[in-house]
Amino acid sequence: MEIMTDRLLLREFTQDDARAFLAYQADPRYAEFYGPEESAPDHARELLHLFSTWASERPRRNYQLAVAELRNPRQLLGCCGLRLKGLGAGTAEFGLELAAESWGHGYATEAARALLGFGFRELRLDEVRSESVSANARVVALAQRIGLVEIGTRPGPAWMSARGWHHTEWQLTRGRWEGAPTV
């Protein structure tokens with residue numbers, strides 16, 4: 001599966017992506033908003049295996065795609081996903097992450113809009129949900145740019161609470177997506 005934008009290619013993960021994926025997951029700038037267990041190399045390897053498993057499932061219920069530059073599709077910038085399994089009909093969980101070197105170029109907005117468009121058009125989603133760490137200002141700004149609305153908060157794990165942070169819950173409905181400007 002592939003989704004193309006003006007600058008990006010959202011594609012299935014390959015074995016060649018492992019080194020770059022493990023590297024950005026280990027970067028302290030990236031890991032700032034993750035717990036210690038989520039920043040471990042073994043966790044990243046497990047995720048890559050899980051993404052491969054999801055890609056082969058039929059019917060497919062989870063999409064976790066590598067984000068790469070269209071002009072250099074082998075260079076991994078990050079990944080984004082829509083996960084439907086275990087959620088109600090017409091609902092998916094959205095997530096996106098980029099390597100720190102890819103921040104500030106508009107890639108997150110471009111990738112998010114492309115994947116959400118796929119979700120609402122092709123998967124016929126009615127609602128997308130997401131969550132973030134309250135202190136992650138980059139994610140808050142992205143959520144607002146792509147039309148997500150904050151719908152609540154909940155406590156996070158102990159490492160998060162110790163820093164005074166919590167989970168922020170977000171929602172984007174089909175109606176809001178269809179009415180959103182395409183800037």
Side-chain angles (χ1 to χ4, degrees), residues 10 13 21-51 53-54 61-67 77-104 106-120 123 125-177 180:
L10 281 58
F13 275 89
F21 185 76
L22 292 169
Y24 86 70
Q25 293 258 323
D27 185 320
R29 295 170 294 172
Y30 168 84
E32 177 183 5
F33 297 108
Y34 290 94
E37 67 284 347
E38 295 171 305
S39 301
D42 285 344
H43 180 73
R45 284 186 197 89
E46 290 170 13
L47 286 176
L48 283 172
H49 178 72
L50 183 61
F51 301 161
T53 301
W54 288 347
R61 303 293 295 154
N62 295 304
Y63 299 81
Q64 193 71 29
L65 302 176
V67 176
L77 304 177
C79 66
C80 57
L82 288 171
R83 296 165 292 280
L84 293 80
K85 191 171 186 174
L87 300 175
T91 302
E93 179 185 11
F94 168 75
L96 186 141
E97 62 187 37
L98 293 178
E101 293 79 20
S102 300
W103 298 346
Y107 295 144
T109 302
E110 193 170 333
R113 287 185 175 145
L115 187 63
L116 291 169
F118 166 78
F120 286 115
L123 301 178
L125 296 175
D126 297 313
E127 171 188 48
V128 172
R129 292 185 167 247
S130 191
E131 66 178 45
S132 65
V133 175
S134 59
N136 192 335
R138 289 183 308 275
V139 170
V140 171
L142 172 65
Q144 293 169 344
R145 273 194 310 277
I146 62 176
L148 289 160
V149 175
E150 184 178 333
I151 59 169
T153 62
R154 63 180 175 78
W159 68 266
M160 195 184 290
S161 297
R163 295 178 179 162
W165 301 345
H166 57 271
H167 283 285
T168 302
E169 298 173 338
W170 302 92
Q171 177 192 52
L172 179 60
T173 62
R174 171 184 289 283
R176 184 164 173 82
W177 173 260

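Residue numbers start at 1 and run along the sequence shown. These values consider heavy atoms only, across backbone and side chains, with no hydrogens, waters or symmetry-generated copies.
- In this structure, F21 and Y24 have perpendicular ring planes: the angle between them is above 60°, well past the 30° mark.
- Ion pair E101/R29 flagged as a salt bridge, since at least one NZ, NE, NH1 or NH2 atom sits closer than 4.0 Å to an Asp/Glu carboxylate oxygen.
- S134 approaches V140 most closely through the heavy-atom pair O-CG2, 4.3 Å.
- Taking the ring centre of W103 as origin, the terminal cationic atom of R138 falls inside the region bounded by 6.0 Å and 45° from the ring axis.
- Here the closest non-hydrogen pair linking L172 and F120 is O-CZ, 3.7 Å.
- Annotation: side-chain hydrogen bond (donor to acceptor under 3.5 Å, both in side chains) contacts of Q64 (sequence neighbours excluded): R83.
- Residue E150 holds its CD atom at 5.0 Å from OG1 of T168, rounded to the nearest 0.5 Å.
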Should R129 and E169 be marked as a salt bridge (charged side-chain N to carboxylate O under 4.0 Å, His left out) after you check the CA-CA gap, both sets of side-chain angles, and the distance that decides it? CA-CA 7 Å; R129 292 185 167 247; E169 298 173 338; 5.4 Å; no
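- We find the CD-OG1 distance between E93 and T91 to be 11.5 Å, quoted to the nearest 0.5 Å.
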Checking side chain to side chain contact (heavy atoms under 4.5 Å, CB included) for the pair T173/D126: CA distance, chi angles, key distance, verdict? CA-CA 6 Å; T173 62; D126 297 313; over 6 Å; no
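- The CG atom of L125 lies 10.0 Å from the CG atom of L87; values are rounded to the nearest 0.5 Å.
- In this structure, E46 CD and F51 CZ are separated by 11.0 Å, a value rounded to the nearest 0.5 Å.
- Listed here is the closest heavy atom pair of A100 and D27: CB-OD2, 3.9 Å.
- Closest approach of A92 and L84 over heavy atoms only: CB-CG, 3.9 Å.
- Defined by atom type and a distance below 3.5 Å, a donor-acceptor pair is present between the side-chain atoms of E97 and Q25.
- The shortest side-chain heavy-atom distance between L10 and F118 does not fall under the 4.5 Å cut-off.
- Looking only at distances, no side-chain donor or acceptor of Q144 sits under 3.5 Å from a matching main-chain atom of A141.
- Distance OG1/T109 to OH/Y107: 12.5 Å, rounded to 0.5 Å.
- Residues F94 and I146 meet the side-chain proximity criterion, which asks for heavy atoms closer than 4.5 Å.
- Between W165 and F33, the gap from one ring centroid to the other is short of 6.0 Å.
- Nearest heavy-atom pair across H167 and G156 is CD2-CA, 3.5 Å.
- Of the inter-residue distances, the one linking E131 atom CD with T153 atom OG1 reads 11.5 Å to the nearest 0.5 angstrom.
- Surrounding NE2 of H49 are at most 12 heavy atoms belonging to other residues, nucleotides or ligands under 6.0 Å away.
- The shortest non-hydrogen separation linking L115 to L82 is O-CD1, 3.5 Å.
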Going through the distances and angles, do R45 and D42 end up as a side chain to side chain contact (heavy atoms under 4.5 Å, CB included)? CA-CA 5 Å; R45 284 186 197 89; D42 285 344; 3.2 Å; yes
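- Side-chain atoms of V149 and R176, non-hydrogen and from C-beta on, do get closer than 4.5 Å to each other.
- Using a cutoff of 4.0 Å between basic side-chain nitrogens and carboxylate oxygens, E127 and R174 are not scored as salt-bridged.
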